[in-house]
Asks: 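Okay, here's the structure, questions in a sec.
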Amino acid sequence: MKKLIIVFSAILLVAGCVMMAGCMGENPSSSTSDENPTTGTQTQPQTNSQLVAEPQYKDKFIMGYGKDPKLKGGDWGIGFFPKTQILEKLVEYDMKNDEYVPSLAESWEFKDGGKTIIFHLKKGIKFSDGTEFDANAVKFTIDRLIVRKHSLAPKSAEVIDKYTIAIHSEKPGFFNLAKMAEFHLSIMAPTSVNPVGNPNGTLITPIGTGPFKVVDYKKDQYSTYEPNMYWYNERGIKPKFKEFVLKVIPDEDTRIMALRSGEVDGITDFVHGGSEYTPRNQLNVLEKEGFKVYKRDIPITWVIAFGYNKEPFNDPELRKAVSLATNRDDIAKVFDDQVRPANNGMFAPEAPGMAKAGIKYEYNPEKAREILKNKGKEGLKVNIIIDKNQGDQILVAQLLQQQLKNAGFDPQLEILESGAYGEKRNSGDYDMRLYYIGGTDRRFYLRMFWRFYPGGKWSAYESEKVGELCKDILENPKDIDKNNREKDLIAFYKELYDETGVVPLYHDVMTAVMNPNVDVNQNELFEQAEPQFYGVGVKK
């Protein structure tokens with residue numbers, strides 16, 4: 001009986017194999033459909049042509065960049081690139097709603113009119129070396145700024161408990177929160193220095209909670225990073241590279257050549273804005289050649305800044321004449337309309353309160369000529385200084401020279417080496433120069449402070465009324481409320497316009513240009529004002 005059972009089982013086994021072989025030999029396109037047990041509908045089996053393999057990526061991504069990232073530190077700490085890719089901040093800025101939103105901090109409250117802000121920190125976050133992010137790490141970062149006498153350093157930081165910290169400032173106001181989103185207040189692990197946790201310690205390598213982790217660095221040549229898997233795993237993201245190399249190529253034309261030759265996979269602007277960028281009039285050319293051009297509007301505006309403390313431009317009427325002589329639409333055409341003409345405000349329309357201010361800059365060279373005639377200033381000689389390393393600005397200055405001539409000025413261009421330019425700029429030995437106000441989103445209020453607050457080192461324009469309005473926005477406790485702040489912003493814009501403190505030219509962008517085989521999601525790339533490169537990959 002046992003033998004019969006064994007034989008019968010063997011027969012069944014063979015029969016089953018024959019049936020399976022028959023099924024496997026069928027043409028998938030002619031097989032019968034199966035019934036979906038959930039819906040009862042008929043579903044066709046997936047064919048081989050419908051199976052799409054996941055893209056494969058090269059191990060290394062190489063990015064061309066205009067400045068050294070200063071991974072060993074400098075006067076302002078490490079560079080802006082690592083401050084956006086390695087480190088993170090307590091808060092981020094949502095310009096659309098003029099609000100600060102959680103990043104490493106999950107919530108906060110103001111005390112004493114904003115002189116103290118108590119931050120409640122997120123839990124369970126790790127730095128790339130596996131150490132824990134907590135209040136002591138925030139205190140270490142603040143204390144390091146204080147001992148280095150950083151211009152944005154708060155007065156002190158006080159640990160309340162492991163995940164709560166109070167940051168104290170000398171003055172009240174909303175500006176103390178705005179600083180927390182600034183590049184320089186990005187949070188660094190205490191293990192970044194030797195001795196560990198010593199604010200006066202020597203920086204060994206910057207360690208943060210962001211997507212990148214430093215692997216190698218050679219000053220003025222390159223820096224190499226690998227994914228911080230704590231960051232990626234927390235977000236359920238798989239990196240598309242094993243190594244990210246930042247290749248330092250200071251000359252803008254050489255960077256473009258490196259992109260075209262395939263030496264680099266992409267090039268990007270200096271992430272703080274205003275310098276070392278891809279020339280805007282090259283973006284259309286690169287796009288036509290097949291490269292992917294990504295850009296984002298940011299609240300940075302190139303302006304004419306005056307030597308307003310001396311003749312001739314201590315006279316606001318003559319500053320007004322310069323504004324009337326300026327055709328901003330033609331200036332935007334210098335850049336193939338990749339930028340926007342600043343016809344409706346000194347800041348981009350996205351800036352809080354700017355659109356509501358209802359400002360309109362007029363182009364009227366005849367009216368400008370009339371002002372010069374009435375003041376006996378026809379043929380007024382003025383000089384414009386330009387940094388030789390800013391190729392775009394030379395083109396703008398040449399066009400401005402022609403526009404001002406058409407309105408009755410006699411403008412002379414001084415195209416200077418960077419050192420000579422800096423000396424003239426700092427000494428005030430100029431009539432006009434090209435300058436930028438605003439910045440990436442996080443720098444909107446910071447640059448307002450640097451450009452218009454009384455006594456600022458990098459001032460674009462100062463006056464009693466403009467200065468008082470600027471101070472009110474940043475330091476008056478009532479302006480912690482964004483509705484009050486908007487009213488004061490509008491008054492600030494209008495006063496600056498009435499005094500022609502600066503002459504806005506165009507609103508700039510932030511760009512990244514990639515080879516055609518680079519895979520990147522634009523929403524991820526520009527989820528903040530500065531490009532974030534955690535999602536890039538080079539397809540094989």
Side-chain angles (χ1 to χ4, degrees), residues 67-92 103-105 108 115-122 125-171 175-210 212-214 217 219 223 225 228 230-231 271-272 442-443 446 449-450 457 530:
K67 278 197 174 184
D68 179 77
K70 297 183 179 178
L71 291 180
K72 294 299 181 183
D75 292 341
W76 288 79
I78 63 173
F80 292 95
F81 183 87
K83 283 173 179 170
T84 56
Q85 313 297 321
I86 297 173
L87 311 182
E88 295 181 299
K89 296 136 193 84
L90 292 181
V91 298
E92 288 290 347
S103 183
L104 291 175
W108 52 90
K115 282 189 176 182
T116 293
I117 307 177
I118 298 174
F119 289 95
H120 304 279
L121 308 179
K122 292 180 179 178
I125 295 175
K126 289 187 177 181
F127 290 101
S128 62
D129 65 349
T131 56
E132 189 176 5
F133 163 75
D134 59 16
N136 287 313
V138 178
K139 179 172 171 57
F140 162 76
T141 299
I142 299 299
D143 287 348
R144 188 166 172 82
L145 292 172
I146 291 170
V147 300
R148 293 167 67 85
K149 297 182 174 14
H150 197 288
S151 63
L152 296 179
K155 183 172 69 173
S156 63
E158 173 194 358
V159 173
I160 296 174
D161 60 41
K162 189 171 184 179
Y163 297 107
T164 311
I165 188 164
I167 296 179
H168 306 288
S169 299
E170 295 284 354
K171 296 178 180 178
F175 191 43
N176 297 326
L177 179 62
K179 291 178 185 177
M180 294 299 117
E182 158 63 16
F183 296 104
H184 301 303
L185 278 90
S186 304
I187 307 302
M188 186 184 293
T191 48
S192 302
V193 302
N194 186 27
V196 171
N198 186 337
N200 278 307
T202 301
L203 178 64
I204 304 303
T205 190
I207 297 169
T209 57
F212 283 17
K213 177 180 179 179
V214 180
Y217 171 54
K219 183 175 169 56
S223 53
Y225 311 86
N228 170 15
Y230 292 108
W231 187 94
V271 297
H272 109 312
R442 73 179 73 255
R443 283 211 145 174
L446 271 295
F449 170 71
W450 284 324
K457 181 179 178 182
E530 309 82 17

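Predicted model only: the values in this text are computed from it and were never measured.
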Asks: Once rounded to the nearest 0.5 Å, what's the spacing between atom CD1 of Ile142 and atom NE2 of His150?
Replies: 10.5 Å

Asks: Quick check: closest heavy atoms across Ala166 and Ile160, and the distance to 0.1 Å?
Replies: CB-CD1, 4.0 Å

Asks: NE2/His272 to CG/Leu446 distance, rounded to the nearest 0.5 angstrom?
Replies: 10.5 Å

Asks: So do the side chains of Ile167 and Ile118 get within less than 4.5 Å of each other, counting heavy atoms only?
Replies: no

Asks: Flag the pair Asn176 / Lys171 as yes when at least one side-chain heavy-atom distance between them is below 4.5 Å, and no otherwise.
Replies: no

Asks: side-chain contact (heavy atoms from CB on, under 4.5 Å) for Thr209 and Leu87? Distances and angles first, verdict last.
Replies: CA-CA 6 Å; Thr209 57; Leu87 311 182; over 6 Å; no

Asks: Can you confirm whether the side chains of Glu88 and Ser103 place a donor and an acceptor under 3.5 Å from each other?
Replies: no

Asks: Got Trp108 and Ile165 here, is their nearest side-chain heavy-atom distance under 4.5 Å?
Replies: no

Asks: Compare every heavy atom of Ala105 with every heavy atom of Phe119, then report the nearest pair and how far apart it is.
Replies: CD2-CB, 3.8 Å

Asks: Within this structure, what is the OG1-CD1 distance for the pair Thr131 and Ile207, rounded to the nearest 0.5 Å?
Replies: 6.5 Å

Asks: When you measure from the centre of the six-membered ring of Phe183, is the NZ or CZ of Arg443 closer than 6.0 Å and no more than 45° off the axis?
Replies: no

Asks: Looking at Glu170 and Lys115, does any basic side-chain N land under 4.0 Å from a carboxylate oxygen?
Replies: no

Asks: So which heavy atom on Asn198 is nearest to which on Phe140, and how close?
Replies: O-CE1, 3.7 Å

Asks: Treating Thr84 as the side-chain partner and Phe81 as the backbone partner, does any N or O pair qualify as donor plus acceptor under 3.5 Å?
Replies: yes

Asks: Write down the atom of Ser156, the atom of Ile146, and the distance for their closest heavy-atom approach.
Replies: CA-CD1, 3.9 Å

Asks: Looking at Lys122, I'd like to know if its NZ atom is crowded, meaning that more than 12 non-hydrogen atoms belonging to other residues, nucleotides or ligands lie closer than 6.0 Å.
Replies: yes

Asks: Between His168 and Thr116, is there a side-chain donor-acceptor contact under 3.5 Å, judged purely by atom types and distance?
Replies: yes

Asks: State whether a side-chain donor-acceptor pair under 3.5 Å links Tyr217 with Asp68.
Replies: yes

Asks: Can any side-chain N or O of Asp134 pair as donor or acceptor with the backbone N or O of Ala137 at less than 3.5 Å?
Replies: yes

Asks: Compare every heavy atom of Leu104 with every heavy atom of Ile125, then report the nearest pair and how far apart it is.
Replies: CD1-CD2, 3.9 Å

Asks: Give, for atom CG of Asp161 and atom NE2 of His120, the distance between the pair rounded to the nearest 0.5 Å.
Replies: 9.0 Å

Asks: Does the side chain of Leu203 come within less than 4.5 Å of Ile78's, by heavy atoms?
Replies: yes

Asks: Using 4.0 Å as the upper bound for N to carboxylate O, is an ion pair formed by Glu182 and Lys89?
Replies: no

Asks: Strictly by modelled atom types, are Asn194 and Thr202 linked by a side-chain donor-acceptor pair under 3.5 Å?
Replies: no

Asks: Stepwise, does the side-chain contact (heavy atoms from CB on, under 4.5 Å) test hold for Val193 with Ile204?
Replies: CA-CA 5 Å; Val193 302; Ile204 304 303; 5.7 Å; no

Asks: Under a 4.5 Å cut-off applied to non-hydrogen side-chain atoms, are Ile86 and Asn228 in contact?
Replies: no

Asks: Heavy-atom distance under 4.5 Å between the side chains of Arg144 and Asn200, does that happen here?
Replies: no

Asks: Please name the pair of heavy atoms, one in Met180 and one in Pro154, separated by the smallest distance, quoted to 0.1 Å.
Replies: CE-CG, 4.2 Å

Asks: Run the salt bridge (Lys or Arg N to Asp or Glu O under 4.0 Å) check on Arg442 and Glu530 step by step: do they pass?
Replies: CA-CA 9 Å; Arg442 73 179 73 255; Glu530 309 82 17; 2.9 Å; yes

Asks: Is a side-chain donor-acceptor pair under 3.5 Å present for Ser169 with Lys155?
Replies: no

Asks: Nearest 0.5 Å, please: how far is NZ in Lys72 from OG in Ser223?
Replies: 12.0 Å

Asks: Mind telling me whether Phe133 and Phe127 have parallel, tilted or perpendicular rings, with 30° and 60° as the class edges?
Replies: perpendicular

Asks: Quick one: OG on Ser128 to OH on Tyr230, what's the gap to the nearest 0.5 Å?
Replies: 9.0 Å

Asks: Checking ring pair (Phe, Tyr, Trp, His ring centres under 6.0 Å) for the pair His184/Phe80: CA distance, chi angles, key distance, verdict?
Replies: CA-CA 8 Å; His184 301 303; Phe80 292 95; 5.4 Å; yes

Asks: What I'd like to find out is whether the side chain of Ser192 reaches to under 4.5 Å of the side chain of Thr205, using heavy atoms alone.
Replies: no

Asks: Indicate yes or no: at least one non-hydrogen side-chain atom of Thr141 is less than 4.5 angstrom from one of Leu185.
Replies: no

